[in-house]
Amino acid sequence: MSFPLLTATAALPAIGAIATAAVPAARRTAAKWLALLFSLGTLVLAAVVFLRFEPGGDRYQLTESRAWIADFGVRYELGVDGIGVVLLGLTALLIPFVIVAAWHDADPLETKSTRWRPTQGFFALILMVEAMVILSFVATDVFLFYILFEAMLIPMYFLIGGFGDRAHAGTDESAATQRSYAAVKFLLYNLAGGLIMLAAVIGLYVVAGSFSLSEIAEARANGSLEMATSTERWLFLGFFFAFAVKAPLWPLHTWLPNAMGEATAPVAVLITAIVDKVGTFAMLRFCLGLFPEASKWATPVVITLALISIVYGALLAVGQRDIKRLIAYASISHFGFIILGIFAMTSQGQSGATLYMVNHGISTAALLLVAGFLITRRGSRLIADYGGVQKVAPVLAGTFLIGGLATLSLPGLAPFVSEFLVLVGTFSAYPVAGIIATSGIVLAALYVLVLYQRTMTGPVQESVRSMPDLRARELAVAVPLIAVLIFLGVFPKPLTEVVNPAVEHTMSDVQKKDPQPEVEAAK
């Protein structure tokens, strides 16, 4: 038996979570370093997975299959495709930066009015989320994926509710109340989606007789799987609802601004840059892969919802007074672009959507983590409490600007490539939808540049006059992320050559071909 590389990649952060949680309470620094070392080890294994993956090879590679719950036909089946491997790499890449950025976020406070924060538990929960997300990107058994899809809610609930943002205007009691509200809302929304998905998972097993993606695909190919049109549509809706909540897609998005606003900046990165990608990834793997006809049937409605998300999220971002909530609404707009690219049903759109998942994760991490450093210095999330920061902390302002420019998809930075592909793919199939979606680009420029202008330029406010610039630890977070954004912005080939063959498989699942351009004959 070959070495179970995928299992090892997911198991290492899980082992790290247990080891970190077991560190004695007095040795907080040792727990932080241990968590960082395990995350770096996971990054090394993820790099091995990426290097061993052959873009032109089998659809699912490095496969593993073992009996798990035999009486119910559940197997422990893993396999990685081109879409899963780049998202696995994104997760492994971002977690070390999240840990370094959160280095002091869970340290006990001296004030008696705020309860003690268990540092070991905080970093153990981050590693546990990493393990579950990685495993969800490589699970090829539907029931196994469902278990992971739901289980990752538990550590996220405690990270949001138990380790909230300390830069909160109000009493400790009101801050705790708002954190609890955000955590409960996050949990209830996602649990509701998960329960509906569970009914659809059971229905799929009744119809297909298996949870294995490979067995279901084989049965569909040889004609032994017969699924009534109405049945396929109901099952699609059950899966899609859960993924739309996780994504988050309008109107199921309202939990995200609360969760990101009340969480620490690194935990907010976990939410929007990593965990939420499971929803959009699952739309490609499960909705389009298992229910191709229903996916085409639902396309007009899904595209409409995606367009609403793009415009609505951007408009609300323009009007925000809270820095983190602004970034949250911007993410809702960006997820609209991702879902639009998926359901445009073109190779450019789906390649762009996959790249958008990666590039949005990196750009949002860069912007949000630098914003977290800014908020920690001033102790406020309100935009109005800043002004003239670039004169006292030019490096902080510069990195914040680059993160913002990446968010608005400036040419030369990674998100531009993915947004361009999504729009090209959408224009070729749905020109009107493509035109509406471009309004999101204009609005993105507005909310990013207004945010920068109000916080970084103008007269120096007295409250920021003594603000220090980025320190070495913070530079170690910001600089590599910006370097990756620039590298992928000018040379996206390492990702596109992995993603494109996987997109061809997805296009084959739904039996769609790219529209051919109409060329008027020369007279």
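Given the structure is predicted, the values throughout are model-derived calculations rather than measurements. Below, each value reflects all heavy atoms present in this structure, side chains not excepted, and no hydrogens, waters or symmetry copies.
A salt bridge is defined here as a Lys NZ or Arg NE, NH1 or NH2 lying under 4.0 Å from an Asp or Glu carboxylate O, and Glu504 with Arg59 fails to meet this definition.
A heavy-atom distance below 4.5 Å is not found between the side chains of Val49 and Val138. In this structure, the side chains of Trp255 and Asn190 come closer than 4.5 Å at one or more pairs of heavy atoms. Proximity of Asp322 to Ile383: side-chain heavy atoms (C-beta onward) are nowhere separated by under 4.5 Å. A 4.5 Å side-chain heavy-atom check between Thr254 and Tyr189 finds at least one atom pair inside the cut-off. Using a 4.5 Å heavy-atom threshold, the side chains of Ile83 and Thr506 count as touching. Side-chain contact between Asn258 and Gln178 is absent, with no heavy atoms from C-beta onward closer than 4.5 Å. Residues Leu374 and Leu396 are in side-chain contact: their nearest non-hydrogen atoms beyond the backbone lie under 4.5 Å apart. Within the 4.5 Å cutoff, the side chain of Phe400 has heavy atoms near those of the Thr455 side chain.
With a 6.0 Å radius and a threshold of 12 heavy atoms from other residues, nucleotides or ligands, Phe420 has its CZ atom at or below the threshold. For Arg378, the CZ atom sits in a packed shell: over 12 heavy atoms of surrounding residues, nucleotides or ligands are nearer than 6.0 Å.
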Output, in order, the C-alpha distance, side-chain angles, deciding distance and verdict of side chain to side chain contact (heavy atoms under 4.5 Å, CB included) for Lys246 and Met197.
CA-CA 12 Å; Lys246 184 87 77 179; Met197 180 183 169; over 6 Å; no

List the steps and the verdict of side chain to side chain contact (heavy atoms under 4.5 Å, CB included) for Leu410 and Phe416.
CA-CA 6 Å; Leu410 184 76; Phe416 170 76; over 6 Å; no

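Between Leu288 atom CG and Phe236 atom CZ the span is 7.5 Å, to the nearest 0.5 Å.
Between Tyr356 and His334, the two ring planes are tilted [angle within 30° to 60°]. Between Phe491 and Phe487, the ring-plane angle classifies as perpendicular under the 30° and 60° cut-offs. Relative orientation of the Phe281 and Phe145 rings is tilted, given thresholds of 30° and 60° on the angle between their planes.
Within the 3.5 Å criterion, the main-chain N or O of Tyr60 finds no donor-acceptor partner in the side chain of Asp58. The backbone N or O of Ser380 lies less than 3.5 Å from a partner atom in the side chain of Tyr386, making a donor-acceptor pair. Not a single donor-acceptor pair under 3.5 Å links the side chain of Ser333 to the backbone N or O of Tyr329. Using modelled atom types, one side-chain atom of Glu232 and one backbone atom of Ala294 make a donor-acceptor pair closer than 3.5 Å. Under the 3.5 Å distance criterion, the side-chain polar atoms of Ser309 are matched with a main-chain donor or acceptor of Trp250. Of the possible donor and acceptor atoms, none in the side chain of Asp81 sits under 3.5 Å from a partner among the backbone N and O of Ala502. The closest donor-acceptor contact from the side chain of Thr346 to the backbone of Gly425 lies under 3.5 Å. Side chain of Arg381 to main chain of Gly261: a donor-acceptor pair is present (N/O by atom type, distance under 3.5 Å, no hydrogens or angles). Under a 3.5 Å cut-off, the side chain of Arg377 and the backbone N or O of Asp469 do form a donor-acceptor pair. Under a 3.5 Å cut-off, the side chain of Thr299 and the backbone N or O of Ser295 do form a donor-acceptor pair.
With hydrogens and angles left out, the side-chain atoms of Thr272 and Thr364 include no donor and acceptor closer than 3.5 Å.
In this structure, His253 has its ring center closer than 6.0 angstrom to the ring center of Tyr312.
Between Thr304 and the options Leu307, Ile308, Val301, a side chain to side chain contact (heavy atoms under 4.5 Å, CB included) holds for only Ile308.
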